[in-house]
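Comments concern the structure below.
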Amino acid sequence: QVQLVESGGGSVQAGGTLRLSCAVSRVTYSTDSNDNMCMGWFRQAPGKEREGVAVLYTAGGAIVYSDSVKGRFAISRNYGRTMLYLQMNSLKAEDTAMYYCAARSGRPCDLTASFNYWGQGTQVTVSS
C-alpha cells in the first residue's frame, strides 16, 4: 500500500507559478520498491473529466506531458524517489483544477495507464 500526500496548491494570477509536491510513502510491507514505479499528476476541473498532466517512470525513461501543459509544466522526482514534484509556470485560468498525485507499480507509464494509488488532491486556482 502506497500513501500519497499532495501539497503546494493555492491561488495565483495568470502568468504566475506554483510548485506542487507529493510525498510518497509505503504504509505496508511490500517487496516492491519506489525504484520502478510510474508516477504522475492528474487534474480535474469542475464539470470536466479527469485528465493526465504528466507522468514519469522512477527508474528513468521518457517523461510524458499532455499537450495542454507541454513547455509550461515540469515533472520531477527527488533522488530517493520519495517525492514527486510538478513545477507549473505561465499558469492560465484553464489550469484551475484539483490536482492529484498518482502512482502504480511498473509499466505501462503514460497518461492513459491505470493507476492504483491516489492522493487526496490539492486545489490550484488561477485568476485571469
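Everything quoted here is computed from the prediction, not taken from an experiment.
What you find for Ala14 and Ser128 is that their closest heavy atoms are CB-CA, 4.1 Å. Across every non-hydrogen atom of Glu6 and Gly121, the tightest pair is OE1-N, 2.9 Å.
Between Leu91 and Thr96 the shortest side-chain heavy-atom distance does not fall below 4.5 Å. Within the 4.5 Å cutoff, side-chain heavy atoms of Glu51 are placed close to those of Ser68. Looking at heavy atoms from C-beta onward, Phe73 lies in side-chain contact with Leu86 at the 4.5 angstrom threshold. When side chains are defined from C-beta on, Leu4 counts as touching Val24, because their heavy atoms get closer than 4.5 Å. Residues Leu111 and Ser66 meet the side-chain proximity criterion, which asks for heavy atoms closer than 4.5 Å.
Sorted by first and then second residue, the ring-ring contact (aromatic ring centres under 6.0 Å, His included) pairs with a member in residues 107-128 read Phe42-Phe115, Phe42-Trp118; sequence neighbours excluded. The salt bridge (charged side-chain N to carboxylate O under 4.0 Å, His left out) pairs that include a residue from residues 94-119 are Arg43-Asp95, Arg72-Asp95, where partners are two or more places apart or lie in different chains.
In this structure, Val5 is not a member of the same hydrophobic cluster as Tyr100, with clusters built from ILVMFWY side-chain heavy atoms closer than 4.5 Å. Clustering ILVMFWY residues whenever any of their side-chain heavy atoms sit less than 4.5 angstrom apart, transitively, puts Val2 in the very cluster that holds Met39. Linking ILVMFWY side-chain heavy atoms closer than 4.5 Å, directly or via other members, places Val69 and Val12 in a single hydrophobic cluster.
Applying the side-chain contact (heavy atoms from CB on, under 4.5 Å) rule to Ser21 yields the partners Ser7, Met83, Tyr85; only residues at least two apart in sequence or on another chain are considered. With sequence neighbours excluded, no residue forms a side-chain hydrogen bond (donor to acceptor under 3.5 Å, both in side chains) with Lys48. In terms of the side-chain contact (heavy atoms from CB on, under 4.5 Å) criterion, residue partners of Val124 (sequence neighbours excluded) are, by chain and number, Leu18, Leu20, Met88, Tyr99, Val126. For Ala74, the side-chain contact (heavy atoms from CB on, under 4.5 Å) partners are Tyr65, Gln87, not counting sequence neighbours.
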(request) Show your working on side chain to side chain contact (heavy atoms under 4.5 Å, CB included) between Ile63 and Tyr57 and close with a plain yes or no. (result) CA-CA 7 Å; Ile63 291 175; Tyr57 192 59; over 6 Å; no
(request) Walk me through it: do Val55 and Trp41 pass the test side chain to side chain contact (heavy atoms under 4.5 Å, CB included)? (result) CA-CA 6 Å; Val55 295; Trp41 291 94; over 6 Å; no
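Taken to the nearest 0.5 Å, the OG atom of Ser25 stands 10.0 Å off from the CD atom of Gln1. Taking CG from Asn89 and CZ from Arg19, the interatomic distance works out to 11.0 Å, rounded to the nearest 0.5 Å. Taking SG from Cys109 and CG from Leu56, the interatomic distance works out to 6.5 Å, rounded to the nearest 0.5 Å.
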